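Here's the structure we're looking at; comments come further down.
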Amino acid sequence: MQRGSDRLSRHRDDEMKHELQGLLRSGHPTRSEEWNDPEPTADDDPQVWGGPVAPGSAGASLETVRLELARLLGRSSFPATPVELVRILRRKNAPDALTEAVQALPRKERYAHVQELARALTRTEGTP
């Protein structure tokens with residue numbers, strides 16, 4: 001008989017495998033409680049679930065860029081210059097495309113809130 005640091009007996013381990021067998025085979029949650037399952041995205045939700053949002057990419061509207069920036073930066077980051085915002089975005093592991101777009105903004109500008117920053121990003125991306 002093997003004596004190790006196992007917290008569970010072999011019988012309990014087999015019982016737990018049997019309990020998870022339905023979940024592993026089905027590929028979807030097998031819980032009967034509906035409240036415990038994650039909700040799908042709504043029709044009016046921004047397309048943030050499709051991947052990182054960056055100005056200039058497909059589906060990157062003012063709303064989605066603002067939502068992504070607000071999620072990453074928060075209120076305490078403002079007012080700030082693009083240099084300060086890039087530092088914060090890198091610290092929070094923001095997508096490179098978003099960080100590069102903020103870095104391309106004029107260095108002397110100062111943004112009071114996320115809305116101003118999102119407007120500047122979507123405006124500069126649309127111009128050649």
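Treat the numbers as computed from the prediction; the structure is a model and nothing was measured.
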Output yes when a side-chain donor or acceptor of Glu68 lies under 3.5 Å from a complementary backbone atom of Thr64, and no otherwise. no
With a 4.5 Å limit on heavy-atom distance, are the side chains of Leu73 and Leu117 in contact? yes
For Tyr111 against Pro82, the heavy-atom pair lying closest together: CE1-CG, 3.8 Å
Note, His11 side chain near Glu15 side chain (heavy atom, < 4.5 Å): no
Enumerate the residue pairs fulfilling side-chain hydrogen bond (donor to acceptor under 3.5 Å, both in side chains) with a member in residues 74-84, sequence neighbours excluded, ordered by first and then second residue. none
Contacts under 3.5 angstrom, residues 91-110 side chains, donor-acceptor by atom type, not counting sequence neighbours:
unit_1, atom_1, unit_2, atom_2, d
Lys92, NZ, Leu72, O, 3.2
Thr99, OG1, Pro95, O, 3.1
Gln103, OE1, Arg90, NH2, 3.4

Can you tell if the side chain of Glu63 reaches within under 4.5 Å of the side chain of Arg66, non-hydrogen atoms only? yes
Could you tell me whether the side chain of Leu121 reaches within less than 4.5 Å of the side chain of Leu69, counting heavy atoms only? yes
